[in-house]
Each structure stands twice: as C-alpha cells, then as structure tokens.
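See below for the structure under consideration.
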Amino acid sequence: MRLRIQRTALPRNALILTDTPRPDCRDCDGIGGIEHDYGDYDTGEYAGTDWEPCTCWHESRRWLLLPLPRLPRWLRRRRRSADPWGPGYSDEPPF
C-alpha cells in the first residue's frame, strides 16, 4: 500500500489516510483506472467515457486520522458577497 495524508471536508473536516495507485502499474500507468471511450450504436458518434478502476488501487480504502475543529462562530464570514473586499456593489471606478 502507498499511503498519503489528505484533508477532507465531507462529512466533516478531517485528516484521512488514503491509498494511492501504484506509480509503476503497467495496466493504468499510475492513474488508478482505465478509461474506455464508447460511441452511440446508431450513429457511431462519441457518446461518453467509462472509467474502470485498476486492481492496484482501492479508492474506498481510507482511515480517519484526526477530526479537525470547526471555526468559532465569531470567525466565520457572515455575508457571502461576490467581492471579498467590498459590500458587493460600488459607485467608484476600480482605479
């Protein structure tokens, strides 16, 4: 197993230990899966891509290391405006 530490946000902020694909795998070249393009049977046009996971990697293999604390209520942003530097509207030119 090749383990890596990652941060996840779902279902809660936490540090997890995950498995990674084998970098020298001959089947998937270290990507973790094999893509297969397929076409429409009637027209022959491209219709999408299927992804088949490789045997060198188990994407569901993960372990919780440390749950991260939530931000205190007074540090959370109260307003969700598009511009973080202003109230979301302006009469002034940007210069």
For atom CZ of Arg12, is the number of surrounding heavy atoms from other residues, nucleotides or ligands below 6.0 Å larger than 12? yes
Look at atom OH of Tyr41 and say whether more than 12 heavy atoms of other residues, nucleotides or ligands are closer to it than 6.0 Å. no
[Y] and [X], any side-chain heavy atoms less than 4.5 Å apart:
X: Leu68; Y: Leu15; answer: yes
X: Arg22; Y: Cys54; answer: no
X: Asp50; Y: Glu35; answer: no
X: Trp57; Y: Asp19; answer: yes
X: Tyr46; Y: Asp37; answer: yes
X: Trp63; Y: Leu3; answer: yes

What verdict does the side-chain contact (heavy atoms from CB on, under 4.5 Å) test give for Ile5 and Leu17, after you've listed the backbone C-alpha separation in whole Å, the side-chain angles of each residue and the deciding distance to 0.1 Å? CA-CA 5 Å; Ile5 295 177; Leu17 195 62; 3.9 Å; yes
Could you state the interatomic distance from NE2 (His58) to OG1 (Thr18), rounded to the nearest 0.5 Å? 13.5 Å
Scanning both residues in full, the closest heavy-atom pair of Leu64 with Ala14 reads CD1-CB, 3.4 Å
Looking only at heavy atoms, which two atoms of Cys28 and Cys56 are closest? And how far apart? SG-SG, 3.7 Å
Any donor-acceptor N/O pair, Thr49 side chain to His36 backbone, under 3.5 Å: no
Knowing that exactly one of Arg4, Gln6, Arg7 qualifies, which makes a side-chain contact (heavy atoms from CB on, under 4.5 Å) with Ile16? Gln6
